[in-house]
Amino acid sequence: MYCLLKCRQLTRVLQRGQRVAVAPKRNGGTGVPHYRSDAPPENANRASHMVGNGLMFIMWYWILWHFWHEPHHVFGHYEWPDSSKWTDAELGIPSDDED
């Protein structure tokens with residue numbers, strides 16, 4: 001259906017003698033597609049990869065360390081309620097004598 005619509009438009013333009021606009025060529029990147037993979041930088045070497053991986057390790061180590069040792073930064077500074085002290089009425093559980 002889409003193709004028919006475009007063909008009709010093209011034939012109308014050609015019958016009228018108008019020029020068809022041509023899209024300009026895009027000159028971006030190296031010309032090699034990188035789908036779901038890292039595009040290699042122009043000046044990549046082993047040292048830059050090692051530094052990048054080291055910084056990534058330090059960042060995740062810091063995040064996970066503080067998440068484990070200081071969880072109140074995420075969950076808040078309050079005492080958790082003791083769920084064993086809640087009654088059945090507070091939880092919405094009907095009593096045993098009701099049928």
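Bear in mind that the values here come from a model prediction, so they are computed numbers and not experimental data.
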Inset, instruction - May I ask you to decide if the ring planes of W65 and H69 are parallel, tilted or perpendicular, using 30° and 60° as cut-offs? - result: tilted
Inset, instruction - Measure from the side-chain N and O atoms of N45 to the backbone N and O of S48, and report whether any donor-acceptor pair falls under 3.5 Å. - result: yes
Legend entry - Crowding at CE, M59 (>12 non-hydrogen neighbours, <6.0 Å): yes
Inset, instruction - Verify the distance criterion only: is there a donor paired with an acceptor across the side chains of H66 and W62 at less than 3.5 Å? - result: yes
Inset, instruction - For E90, enumerate each residue passing the side chain to side chain contact (heavy atoms under 4.5 Å, CB included) test, keeping only those at least two apart in sequence or located in another chain. - result: W86, T87
